[in-house]
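In this chain, residues are counted from 1 in sequence order.
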Amino acid sequence: MNQELEIRQHNALTNARYEYTELQLDLFFFIISKLRKDEKDTIYQLDIRELSSLTGKRYNGAYLHKATADMGSRMLEVEDAKEYRQIWMFQQIRYIKGEGIIEFDLTKYVLPYLFQLKNNFTSYELAAALRLTSKYAKRIYQICSQWKDLGETKKYDLQDFKKMLGLLDEKGNEKMERISQLREKVLDVAVKQINEHTELNVSYTLEKRGKTFKNITFTVKPQALAETIPFDLEPGAASPAGLAPHQVENARRLLTQLSITTPELVATILASAAHVAACNKFAHDLKTGKHAKAHSLSGLLLTILGLKKPANGPLFDAATKK
């Protein structure tokens, strides 16, 4: 499995109105990451131990039972120009005792929003989505991901936006009546977490009409992200101070990918926290196409790390296989 797994969902699902807790959203993301695009099955098994290894959290059985029970009873409200729909995601949810497995049986009505995507989809990183701890940050991250190629979201009616996040019900009851509450407890927290833990840098603008705030728009820009969550952890050497083992493993994979395999050079890079962070940033830049025109990716990385002199050649003669 790729260390940074991109998952996709229909834009209608991104913009649907529903309220999930942080745990429920993590389960939702995890389910989507498991979908087999060539096999439109309705039953998917999730290993809670795998989710725990990705998030670093331990999950209590009773807590999970409550979370999935609530997910099963909550509907997704999906609306477009033609219709308004109320959809339930699951036919049933089954726990396999002693194995740490949860089996989700999807309803046939939600399948089009998971498989029939064509060009109408939102893509985002599972690792980034799991890193966010605010349920509102997770939802706003999805929404902003839909518009990342355009640099700015559409102008959302503020009341519709609140409904999407579960902050306003159909009767007009608001969880956060004052705009200061919305800023402090939802928007500012979400922006801070998204900017610190994802590949997006976002900000928001609230627009007034008269004395009342009516609309909200998000600016969305890509950014380099040094930290990733691995999806195929391997044992490795002790991490430099201040770094987690998965950060070192991510850097190790990049070096292998670029055929930088000389043991002495690899050891030198992985022993330095600064080098490891630079490697992870370089990996993200590769993914976003920043180094697409580089003549030699391995040479460029070594130059960035200060292990190769642009004019005089590498400090390590056998830096790569090339």
Decide, yes or no, whether a salt bridge links [X] with [Y] under the criterion of side-chain N to carboxylate O below 4.0 Å.
| X | Y | value |
| --- | --- | --- |
| E79 | R85 | no |
| D70 | K66 | yes |
| E174 | K162 | yes |
| K175 | E19 | yes |
| K138 | D26 | yes |

Pair Y44 + F90: ring centers closer than 6.0 Å: no
Distance flag, aromatic centroids of H197 and Y141, threshold under 6.0 Å: no
Please check this pair: side chain of [X] against backbone of [Y], looking for a donor-acceptor N/O pair closer than 3.5 Å.
| X | Y | result |
| --- | --- | --- |
| T212 | K208 | no |
| D160 | Y156 | no |
| S52 | R49 | no |
| S298 | I260 | no |
| N195 | V202 | yes |
| R139 | T14 | yes |
| Q86 | E77 | no |

Under the salt bridge (charged side-chain N to carboxylate O under 4.0 Å, His left out) test, residues paired with R183 that sit two or more places apart: none
Counterpart residues, ring-ring contact (aromatic ring centres under 6.0 Å, His included), relative to Y109 (two or more places apart): none
Value rounded to 0.5 Å, distance of CD1 in I87 from NZ in K108: 12.5 Å
Are side-chain N/O atoms of [X] and [Y] paired as donor and acceptor at under 3.5 Å?
| X | Y | result |
| --- | --- | --- |
| Q193 | R131 | no |
| Y124 | T198 | no |
| E22 | Y20 | no |
| Q45 | E103 | yes |

Test side-chain contact (heavy atoms from CB on, under 4.5 Å) applied to M89 and D105, L76, T107, the passing residue: L76
Aromatic plane relationship, Y95 with H65 - under 30° parallel, 30 to 60° tilted, over 60° perpendicular: perpendicular
Atom NZ of K163: over 12 foreign heavy atoms under 6.0 Å: yes
